Amino acid sequence: MLSLNDVSVIFPDGDHTLTALDSASLTVNPGQLAAITGESGSGKSTLLNVAAGLIAPTSGSIQVAGHELAGLDDETRARVRRENIGMVFQQPNLLGSLTAREQLLIVDHLRGVRPRKDRADELLSFVGLADLGHRRMERLSGGQRQRVNIARALMADPAVLLCDEPTSALDSQLTSEVVDLLRRATAEWDTATVVVTHDLSVAAAADAHWEVRDGHVGLLSRAA
């Protein structure tokens, strides 16, 4: 589960302060895909960064798979993130010198565990790239690279999957395919999945739709 309760994030801004999040609360359960929308500068990125443990909140509680992130030091937050959170970025940020399979195996290396080639191949098959594990990134299309990005995020068996505009560079057909892939991954591995998006078609496919406005978070809809 991912749960934020009365989370505020306040940044210094010259002689004043800027409230990026103002007593924000939301809960995403295992097996649920939640979409977060909002205008640029509304606080969406701050919300995602707080949920990922990339920044510490000024106040409030953040629960990730039973771990309280608020109050942890940077090193401990990073460890919790490595062990419990998968992240899909707007740009895949893949290493051009590595093959698709190696992009996944480096996750195990960074976690200090034995590389699981079978797991990497299972995930590449899941995202529809079973025969392309040997290819480097320049030989993959943009949609295929985003599929590698998703597979990499799942490599550590995360309880929480956080996605930052994962379809922004894709056309409508590829967007639909990626959303379907995220829905299937959420159900298959029972993750609590959050997708930050500007695309209302993506939000419409989610189990719950939250909106961030001026640092406040509100639930717009929830699937029956």
Side-chain angles (χ1 to χ4, degrees), residues 1-13 17-90 153-154 156-166 179 182-183 185-187 189-200 202-223:
M1 176 187 292
L2 170 67
S3 179
L4 280 67
N5 186 32
D6 287 330
V7 171
S8 293
V9 177
I10 301 173
F11 296 114
D13 185 23
T17 58
L18 172 66
T19 301
L21 284 180
D22 190 355
S23 299
S25 297
L26 65 82
T27 297
V28 183
N29 292 313
Q32 182 181 47
L33 188 151
I36 297 178
T37 60
E39 296 181 357
S40 296
S42 62
K44 300 189 308 299
S45 295
T46 301
L47 178 65
L48 202 68
N49 287 335
V50 165
L54 293 171
I55 61 175
T58 305
S59 62
S61 171
I62 306 167
Q63 293 280 332
V64 173
H67 300 273
E68 173 58 61
L69 294 186
L72 296 180
D73 58 55
D74 291 346
E75 182 178 350
T76 306
R77 280 206 318 275
R79 177 180 56 78
V80 173
R81 182 170 60 251
R82 283 195 305 271
E83 295 176 355
N84 297 280
I85 299 173
M87 299 193 69
V88 178
F89 300 98
Q90 182 175 353
L154 293 167
D157 306 308
V160 173
L161 184 62
L162 303 177
C163 309
D164 183 13
E165 297 281 3
V179 171
L182 290 173
R183 287 191 61 85
T186 299
W189 286 287
D190 207 30
T191 60
T193 301
V194 175
V195 180
V196 167
T197 182
H198 281 95
D199 191 333
L200 293 181
V202 175
D207 299 308
H209 178 187
W210 300 79
E211 182 184 45
V212 184
R213 181 175 295 182
D214 297 328
H216 298 276
V217 179
L219 178 65
L220 292 185
S221 65
R222 189 186 297 276

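Owing to the predicted nature of the structure, the values given are computational and were not obtained by experimental measurement.
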Under 4.5 Å between any side-chain heavy atoms of [X] and [Y], yes or no?
{"X": "Ile36", "Y": "His209", "result": "no"}
{"X": "Pro57", "Y": "Ile62", "result": "yes"}
{"X": "Leu18", "Y": "Ile10", "result": "no"}
{"X": "Leu220", "Y": "Trp210", "result": "no"}
{"X": "Phe11", "Y": "Ile55", "result": "yes"}
{"X": "Val88", "Y": "Leu162", "result": "no"}
{"X": "Val80", "Y": "Leu69", "result": "yes"}
{"X": "Val212", "Y": "Leu47", "result": "yes"}

**Message:** One pair to check against side chain to side chain contact (heavy atoms under 4.5 Å, CB included): Asn49 and Thr46. What are the steps and the verdict?
**Reply:** CA-CA 5 Å; Asn49 287 335; Thr46 301; 5.7 Å; no
Indicate the atoms forming the closest heavy-atom contact of [X] with [Y], along with that distance.
{"X": "Thr27", "Y": "Ser3", "answer": "OG1-OG, 3.5 Å"}
{"X": "Ala51", "Y": "Leu4", "answer": "CB-CD1, 4.4 Å"}
{"X": "Asp6", "Y": "Ser25", "answer": "N-OG, 2.7 Å"}
{"X": "Gly43", "Y": "Leu21", "answer": "O-CD2, 3.8 Å"}
{"X": "Ala153", "Y": "Pro158", "answer": "O-CG, 3.4 Å"}
{"X": "Ala34", "Y": "Val28", "answer": "CB-CG2, 3.8 Å"}

No-hydrogen, no-angle side-chain donor-acceptor test under 3.5 Å, [X] and [Y]:
{"X": "Ser61", "Y": "Glu68", "answer": "yes"}
{"X": "Thr76", "Y": "Asp73", "answer": "yes"}
{"X": "His198", "Y": "Thr37", "answer": "no"}

**Message:** Please determine whether a side-chain nitrogen of the Lys or Arg among Asp164 and Lys44 lies less than 4.0 Å from a carboxylate oxygen of the Asp or Glu.
**Reply:** no
**Salt-bridge present (Glu83, Arg79; N to O < 4.0 Å)** = yes
About how many Å separate [atom2] of [Y] and [atom1] of [X], when rounded to the nearest 0.5 Å?
{"X": "Thr193", "Y": "Gln32", "atom1": "OG1", "atom2": "CD", "result": "9.5 Å"}
{"X": "His67", "Y": "Ile85", "atom1": "NE2", "atom2": "CD1", "result": "9.5 Å"}
{"X": "Asp157", "Y": "Trp189", "atom1": "CG", "atom2": "CH2", "result": "9.0 Å"}
{"X": "Ser45", "Y": "Glu165", "atom1": "OG", "atom2": "CD", "result": "8.0 Å"}
{"X": "Cys163", "Y": "Met87", "atom1": "SG", "atom2": "CE", "result": "9.0 Å"}
{"X": "Thr186", "Y": "Asn29", "atom1": "OG1", "atom2": "CG", "result": "12.5 Å"}

**Request:** Could you pull out all residues at least two apart from Glu39 that satisfy side chain to side chain donor-acceptor pair (under 3.5 Å)?
**Result:**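 Side chain to side chain donor-acceptor pair (under 3.5 Å) list for Glu39, sorted by chain: empty.
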**Fill in**
For Glu211, the salt bridge (charged side-chain N to carboxylate O under 4.0 Å, His left out) test, sequence neighbours excluded, returns Arg213
**Request:** Could you pull out all residues at least two apart from Arg77 that satisfy salt bridge (charged side-chain N to carboxylate O under 4.0 Å, His left out)?
**Result:**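 By the salt bridge (charged side-chain N to carboxylate O under 4.0 Å, His left out) rule, Arg77 matches Asp74.
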**Asked** Should Leu26 and Leu219 be marked as a side chain to side chain contact (heavy atoms under 4.5 Å, CB included) after you check the CA-CA gap, both sets of side-chain angles, and the distance that decides it?
**Response** CA-CA 8 Å; Leu26 65 82; Leu219 178 65; over 6 Å; no
**Message:** Tell me whether the count of non-hydrogen atoms from other residues, nucleotides or ligands lying under 6.0 Å of CG in Asn5 goes above 12.
**Reply:** yes
**Asked** Donor-acceptor pair, Ser8 side chain versus Ser23 backbone, under 3.5 Å?
**Response**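 Pair found, side chain donor or acceptor close to backbone of Ser23.
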**Request:** Please assess Asp207 against Arg183 for the test side chain to side chain contact (heavy atoms under 4.5 Å, CB included), listing each intermediate value before the final yes or no.
**Result:** CA-CA 9 Å; Asp207 299 308; Arg183 287 191 61 85; 3.6 Å; yes
**Message:** Please evaluate residues Asn84 and Val160 with respect to the criterion side chain to side chain contact (heavy atoms under 4.5 Å, CB included), reporting the C-alpha separation (whole Å), side-chain torsions for both, the decisive distance (0.1 Å), and the verdict.
**Reply:** CA-CA 6 Å; Asn84 297 280; Val160 173; over 6 Å; no
